[in-house]
Amino acid sequence: MYFIFTLFCKIINVFPLKCVLNLGKLIGLGFYYFSRSKRKVGFINLKLAFPHKDNREILYILKKSLMNFGMSIIESLVIKKLIDKKFIEDLDFDDAEENNILVGVHGGSWELYNAKIACYRKFAVLVQKQKNVCFDRFINEQRNKNNINICFSLKCLIEYLNKGYWIGLVVDHGAEKKSLYIEFFGSEVPTPGGAVHIAKKFNKRIYPVFGRREKDGRHVLKIGESIDCRAISNKEALLRLNRTYEKFISLYPSEYMWWYKRFKRRKTFYSLILSDGKIGHLKQSLFFQAFLENKGYKIKKEIVEITGLTKTKRAFIEACAFFSHKSVGKLYPLKWVLKNEEFYKLSRVFADFVISTGSSLGGINLIVAHSLGAKSIVILKPNLPIEKFDLAVIPEHDNLQAENVVNIKGALSYPLDSYNDGLNLSRHFSLSSKDKIAVFIGGPLTNGNIFYENIKIFIDKLKNFSLRKDFKILISTSRRTPSAIEKLIEEELKEFRNTEVIIIANRKNYPFVTGGFLHFASFVFITADSISMISESLSMKKTTICIELEEILNIHHVNFMDSVRDLINFIKSPYENMDNFYEPSFSLLEYNQEVLKKAIQKII
């Protein structure tokens, strides 16, 4: 193998530079088109650094970057030719200056740059051993030929420093687990601190070095303004270095080696929540996001609402998603069906997780997740095969199980800030200090006439219940509530002395109603049609009473009721027994959190 490397080096040195550099471009194009791992990691890192750039621009930068990398490989074998033919500018070194520290990143043609520096100064660099022993021997022999001294440890590097050598090392690769986390393109990442440590210990200055390739193939190498580390902390010194390289890389992004997992151990994650405009679905997605944050993950979220999806458009998207594969940057099926502003937002966002709730956005979730190299997380049963997603959060009552499925009780819903919701509710409606009954009225599932007749009976019993307990009533309808029932509620309760708040949701709703009602309520009455509201009440471990206003025939609702039967009270017409209600034995929130915790550890 060593002989092959040596022979290849001798052969390419025979050919003209233009010819071998074109070979380097071809090598880079080979990486771009045939190395899925480099393409994926490079795209993800670029998208993380430049989320405002669309996918086409990101892929263009990545393609150029890999072509530059291919040329850099070839250039490392013809360094003497490049220097002799002035393919790199001369450096402006101060001959009187004592030896110091040069730092760089993996950008441009770093082997060429090291060799150029070694033309001016005694120079030693810190390198990592290559996995291939023969290649490691070969590349280090090439470095030695170019007057570069090789070190595999900081101890060795310091010895050269004490002998009067300039030393060089990078600040973007090789960070240990205990390294300081420093912000780099908006994400905190472990950053090697060896250069700063040595600079402080031996009273040396740090010079950032960066180079770029011009259009004619020639290189420009610059040594930046020095950093004196004595009066600043290690973190501040590393932050200055990262800021310096951020500016350079932002100007010349195709010079950087993006396919190295620079951001692998970052502490900040990004989520994209796709909303179909339904408040209940959005709340479940936000709960999942909040759960991640409560478990110590730093999450930045972006919400994109998708509207106007017809059945035909959904079918088309789901067909594209079914046959799609995990190829980054491919969003074009969505361009044909989404509104321009929706597609614009999706093409200029970065995410580690794509989260959606409900069946309508499952296809978009998959396509976007695949295009970003992100994890796809769907809440509630999608139309697409469940194994297509990385994680599916499915209620027990749907009777769906698979390796990537986590089964929860009820809906993944919980008031995220019920305390402040309660404060806002109390201020807005000037609530009294008396105990409260919260009532949530939905709409009929099957028989509207029976629903209407029974709610008249229930309201009468509710009024008696509130008088016996001397509790105030907080009542809210939903968007599903028929106008006839809204009118009935106002007629029966508006002038009732124990009524404090009536919310007719189709006329005027408030974001603090659900959380505020649940915060104050000692008893929570909810019509049987509302799975999400019952789940929210049980998540807060409230004494919850399910009002059956009609016969429940929908198997989905029947299964849900069976799954929470031990936690909830049921009352049927004529609603006589309203005195012996019990609290749930555990919180639905805590149960679902424990279930989710195990599943999330598998995907983060």
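FYI, the numbering just counts along the sequence from 1.
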[X] [atom1]: over 12 foreign heavy atoms closer than 6.0 Å:
X: Glu214; atom1: CD; result: yes
X: Lys200; atom1: NZ; result: yes
X: Lys81; atom1: NZ; result: yes
X: Arg56; atom1: CZ; result: no
X: Glu341; atom1: CD; result: yes
X: Lys247; atom1: NZ; result: no
X: Tyr60; atom1: OH; result: no
X: Lys345; atom1: NZ; result: no

Any heavy-atom pair between the side chains of [Y] and [X] that's under 4.5 Å?
X: Tyr33; Y: Lys63; value: yes
X: Tyr32; Y: Met67; value: no
X: Ile58; Y: Phe43; value: yes
X: Val196; Y: Val171; value: no
X: Leu331; Y: Ile367; value: yes
X: Leu221; Y: Ile117; value: yes
X: Leu346; Y: Leu334; value: yes

So how far is it from [X] [atom1] to [Y] [atom2], rounded to the nearest 0.5 Å?
X: Phe350; Y: Ser271; atom1: CZ; atom2: OG; value: 11.0 Å
X: Arg240; Y: Ile206; atom1: CZ; atom2: CD1; value: 10.5 Å
X: Phe269; Y: Lys300; atom1: CZ; atom2: NZ; value: 13.0 Å
X: Gln284; Y: Ile355; atom1: CD; atom2: CD1; value: 12.0 Å
X: Leu361; Y: Ile273; atom1: CG; atom2: CD1; value: 12.0 Å
X: Leu292; Y: Lys597; atom1: CG; atom2: NZ; value: 13.0 Å

My understanding is that only residues two or more places apart in sequence, or in another chain, count here; which of them pass salt bridge (Lys or Arg N to Asp or Glu O under 4.0 Å) with [X]?
X: Arg39; answer: none
X: Asp136; answer: none
X: Glu318; answer: none
X: Glu141; answer: Arg137

[X] side-chain N/O to [Y] backbone N/O, donor-acceptor pair under 3.5 Å:
X: Asn99; Y: Tyr165; value: yes
X: Asn132; Y: Cys134; value: yes
X: Thr191; Y: Val189; value: yes
X: Asn203; Y: Ala199; value: no
X: Asn149; Y: Phe123; value: yes

Check whether the ring centres of [X] and [Y] lie less than 6.0 Å apart, and answer yes or no.
X: Trp166; Y: Tyr120; value: no
X: Phe353; Y: Tyr270; value: no
X: Trp258; Y: Phe69; value: no

Indicate whether any N or O donor in one side chain lies under 3.5 Å from an N or O acceptor in the other, for [X] and [Y].
X: Asn365; Y: Ser356; result: yes
X: Thr357; Y: Ser285; result: yes
X: Asn45; Y: Tyr256; result: no

Partners of [X] by side-chain hydrogen bond (donor to acceptor under 3.5 Å, both in side chains), sequence neighbours excluded?
X: Glu342; answer: Thr307
X: Asn55; answer: Lys47
X: Arg143; answer: Glu111, Asn140
X: Gln130; answer: none

If the condition is side-chain contact (heavy atoms from CB on, under 4.5 Å), which residues does [X] pass it with, not counting sequence neighbours?
X: Asp84; value: Lys80
X: His370; value: Ser324, Lys326, Leu366
X: Arg218; value: Lys86, Phe87, Asp216

Electrostatic pair [X]-[Y], nearest N-O below 4.0 angstrom:
X: Arg243; Y: Glu183; answer: yes
X: Arg266; Y: Asp352; answer: yes
X: Asp228; Y: Arg230; answer: yes

Parallel, tilted or perpendicular: which fits the ring planes of Trp110 and His106, with parallel below 30° and perpendicular above 60°?
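Perpendicular, since the angle between the ring planes exceeds 60°.
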Give the C-alpha distance, both sets of side-chain angles, the deciding distance and a yes or no for side-chain contact (heavy atoms from CB on, under 4.5 Å) between Tyr344 and Lys339.
CA-CA 9 Å; Tyr344 180 87; Lys339 296 175 182 176; over 6 Å; no
Is the terminal nitrogen or CZ of [X] (NZ for Lys, CZ for Arg) located under 6.0 angstrom from the six-membered ring centre of [Y] and within 45° of that ring's axis?
X: Lys129; Y: Phe152; value: yes
X: Lys53; Y: Phe50; value: yes
X: Lys222; Y: Phe210; value: no

Does the pair Ser254 and Ser65 meet the rule for a side-chain hydrogen bond (donor to acceptor under 3.5 Å, both in side chains), with working shown?
CA-CA 4 Å; Ser254 61; Ser65 176; over 6 Å; no
Donor-acceptor list for residues 4-14 side chains, cut-off 3.5 Å, not counting sequence neighbours:
from: Thr6; atom 1: OG1; to: Tyr2; atom 2: O; distance (Å): 3.0
from: Asn13; atom 1: ND2; to: Cys9; atom 2: O; distance (Å): 2.7
from: Asn13; atom 1: ND2; to: Leu77; atom 2: O; distance (Å): 3.0

Step by step, would you call Phe31 with Ile73 a side-chain contact (heavy atoms from CB on, under 4.5 Å)?
CA-CA 12 Å; Phe31 285 132; Ile73 292 174; 4.0 Å; yes
